[in-house]
Amino acid sequence: MYKVMIGLVRREDMTREEFIAWWTGEHAPLARTLPGVERIRFNVLQDGPFDGIAELWFPSEQAMTDAYASEIGKNVAADSMAHVSSRVRMPADEREVLG
């Protein structure tokens with residue numbers, strides 16, 4: 001399983017409430033259509049360098065690359081970039097400590 005986390009910082013002209021409404025209400029349904037995505041979690045942060053961190057799981061790194069190279073993936077990324085001032089992808093080697 002391959003996991004990528006994406007840190008998002010909202011556009012400066014968006015309130016926190018507007019960002020959360022867009023991210024969870026509009027963007028989430030688009031993200032669910034990514035080819036090959038097996039699991040998605042959106043984390044709305046209380047404070048810090050990001051407004052939110054998305055976690056997406058794919059069968060492999062190649063599956064993630066292929067997903068974002070597809071037309072659907074390009075649309076998902078474009079929607080994200082239209083609503084954020086910064087987006088940082090962070091691949092992760094997840095190690096569960098308590099589950």
Side-chain angles (χ1 to χ4, degrees):
M1 186 73 64
Y2 181 80
K3 178 179 177 179
V4 63
M5 298 185 302
I6 304 171
L8 302 168
V9 178
R10 70 182 185 269
R11 286 189 332 230
E12 292 181 15
D13 65 326
M14 291 180 84
T15 66
R16 176 179 163 75
E17 292 74 23
E18 289 170 333
F19 171 79
I20 293 169
W22 159 75
W23 197 35
T24 60
E26 296 177 37
H27 190 71
L30 291 176
R32 285 194 295 264
T33 66
L34 280 166
V37 69
E38 295 184 350
R39 186 173 171 199
I40 300 173
R41 177 178 292 140
F42 281 5
N43 301 279
V44 177
L45 302 184
Q46 298 301 313
D47 59 27
F50 300 110
D51 292 295
I53 295 179
E55 298 173 85
L56 296 94
W57 287 262
F58 293 89
S60 66
E61 182 177 4
Q62 187 61 52
M64 188 273 302
T65 300
D66 292 346
Y68 280 101
S70 72
E71 284 305 310
I72 292 170
K74 290 176 186 175
N75 289 337
V76 170
D79 182 59
S80 182
M81 294 309 294
H83 293 88
V84 301
S85 62
S86 174
R87 185 181 90 164
V88 179
R89 277 193 191 163
M90 300 168 279
D93 181 10
E94 186 175 66
R95 312 264 174 113
E96 189 166 331
V97 176
L98 177 66

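Hydrogens, waters and symmetry mates play no part in the numbers below; they use all other heavy atoms, side chains included. Count residues from 1 along the sequence.
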Taking the hydrophobic residues Ile, Leu, Val, Met, Phe, Trp and Tyr, and joining any pair whose side-chain heavy atoms are under 4.5 Å apart, which ones share a cluster with F19? Y2, V4, I6, L8, M14, I20, W22, W23, L30, L34, V37, I40, F42, V44, L56, F58, M64, Y68, I72, V76, M81, V84
Atom NZ of K3 and atom CZ of R39: how far apart are they, to the nearest 0.5 Å? 7.5 Å
Residues in side chain to side chain donor-acceptor pair (under 3.5 Å) contact with [X], at least two apart in sequence or another chain:
{"X": "D47", "value": "none"}
{"X": "R11", "value": "D13"}
{"X": "R95", "value": "D93"}

Applying side chain to side chain contact (heavy atoms under 4.5 Å, CB included), name anything that partners A69, two or more places apart in sequence or on another chain. none
Sorted by chain and residue number, the side chain to side chain contact (heavy atoms under 4.5 Å, CB included) partners of S86 (sequence neighbours excluded) come out as V9, V88
For [X] and [Y], which heavy atoms make the closest approach, and how far apart are they?
{"X": "A92", "Y": "M5", "answer": "CB-CE, 4.2 Å"}
{"X": "G36", "Y": "P59", "answer": "O-CD, 3.3 Å"}
{"X": "M90", "Y": "G7", "answer": "CE-N, 3.6 Å"}

Using a 4.5 Å cut-off on heavy atoms from C-beta on, say whether the side chain of M1 contacts that of E38. yes
Are a donor atom and an acceptor atom from the side chains of E71 and N75 found within less than 3.5 Å of each other? no
